Amino acid sequence: MKKTLKTRDDFAIKTKNIFRALTEKKAFKDGNTNAEVRRFFLQSTSTRLATVFIMAKYFEKEQITASDVYNTLNPSFGSKSSFVNFINLGVKKGHFKMTVCKQDLRKKYLTPCCKFSQVWCEFISISEGVPISKNINWKKVICNCDENLCICNCCDN
């Protein structure tokens, strides 16, 4: 059962967890920190919203395109060009992949890379103040590769 927030201390703990999630620099097994990935998705309000939208759809197993992102978020939360630039930069840096639809070759689905998804999961864990299980199967949680063939070489977590 989830705890309700009702005291000043409850809100203080939640606020502290959010601050920690925004500022923590945790190292991966390979020694690299997730700071670069965090900077990427925390750089502006529009990038934060785009990331939340993309990750929500990803974990709900809904396929989306870049057009879905900016059609949903533009103009209320940023310009179309800011979302297009964010997605293009994410693809260039390896944070996102564009996968061609098998039924309509003109359509490309946007999916987060496994390492990006893992950083996001850690961010959510810290912001909620709930640790990630020590025996988590990252491949089942974050891998978006077909037929166990990982094209981003990150499923050995």
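Remember, it's a predicted structure, so these values are computed and weren't measured experimentally. We count residues from 1, following the sequence as given.
- Clustering ILVMFWY residues whenever any of their side-chain heavy atoms sit less than 4.5 angstrom apart, transitively, puts Tyr109 in a cluster other than the one holding Ile142.
- Taking CE of Met98 as the start and CG of Asn88 as the end, the distance is 7.5 Å to the nearest 0.5 Å.
- Atom CG of Leu110 is separated from atom CD1 of Ile87 by 5.5 Å, given to the nearest 0.5 angstrom.
- A donor-acceptor pair under 3.5 Å is formed between the side chain of Asn71 and the backbone N or O of Ser67.
- Closest non-hydrogen pair, Lys108 versus Thr65, comes out as O-CG2, 3.3 Å.
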#### Entry: Check against side-chain contact (heavy atoms from CB on, under 4.5 Å), Lys6 and Phe11
CA-CA 8 Å; Lys6 62 181 178 180; Phe11 289 100; over 6 Å; no

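- Proximity of Thr51 to Phe116: side-chain heavy atoms (C-beta onward) are separated by under 4.5 Å at one or more points.
- Residue Cys121 holds its SG atom at 4.5 Å from CH2 of Trp138, rounded to the nearest 0.5 Å.
- Taking CG from Asp10 and OG1 from Thr4, the interatomic distance works out to 7.0 Å, rounded to the nearest 0.5 Å.
- When side chains are defined from C-beta on, Leu73 does not count as touching Ser46, because their heavy atoms never get closer than 4.5 Å.
- The hydrophobic clustering, which links ILVMFWY residues whose side-chain heavy atoms are closer than 4.5 Å, places Ile136 and Val119 together.
- Both Phe41 and Ile124 sit in one connected hydrophobic cluster of ILVMFWY residues. Membership requires side-chain heavy atoms under 4.5 Å apart, directly or through other members.
- Side chains of Phe83 and Thr47 form no contact here, defined as non-hydrogen atoms less than 4.5 Å apart.
- By the rule that hydrophobic residues join a cluster once side-chain heavy atoms approach within less than 4.5 Å of another member, Ile18 and Ile132 end up as members of one cluster.
- A donor-acceptor contact closer than 3.5 angstrom links the side chains of Asn135 and Ser133.
- Between Leu5 and Lys14, some side-chain heavy-atom pair lies under the 4.5 Å cut-off.
- Taken to the nearest 0.5 Å, the CD atom of Glu62 stands 4.0 Å off from the NZ atom of Lys57.
- By the 4.5 Å heavy-atom criterion applied to side chains, Gln43 and Arg48 are not counted as neighbours.
- A continuous path of Ile, Leu, Val, Met, Phe, Trp and Tyr side chains, each step under 4.5 Å between heavy atoms, connects Leu42 with Leu89, placing both in one hydrophobic cluster.
- Using a 4.5 Å cut-off on side-chain heavy atoms (C-beta onward), Thr72 and Phe53 make contact.
- Residues Cys113 and Lys97 are in side-chain contact: their nearest non-hydrogen atoms beyond the backbone lie under 4.5 Å apart.
- With hydrogens and angles disregarded, a donor-acceptor distance shorter than 3.5 Å links the side chain of Ser125 to the backbone of Val130.
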### Task
Starting from the C-alpha separation in whole Å, work towards a yes-or-no answer on side-chain contact (heavy atoms from CB on, under 4.5 Å) for Tyr70 and Val84.
CA-CA 7 Å; Tyr70 56 75; Val84 170; 3.6 Å; yes

### Stepwise side-chain contact (heavy atoms from CB on, under 4.5 Å) check, His95 with Phe40
CA-CA 9 Å; His95 301 317; Phe40 175 73; 3.5 Å; yes

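- A 4.5 Å side-chain heavy-atom check between Asn17 and Ile126 finds every atom pair outside the cut-off.
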### Task
Apply side-chain contact (heavy atoms from CB on, under 4.5 Å) to Trp120 and Tyr58, showing your working.
CA-CA 12 Å; Trp120 179 257; Tyr58 173 70; over 6 Å; no

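- A donor-acceptor pair shorter than 3.5 Å cannot be found between the side chains of Asn85 and Ser82.
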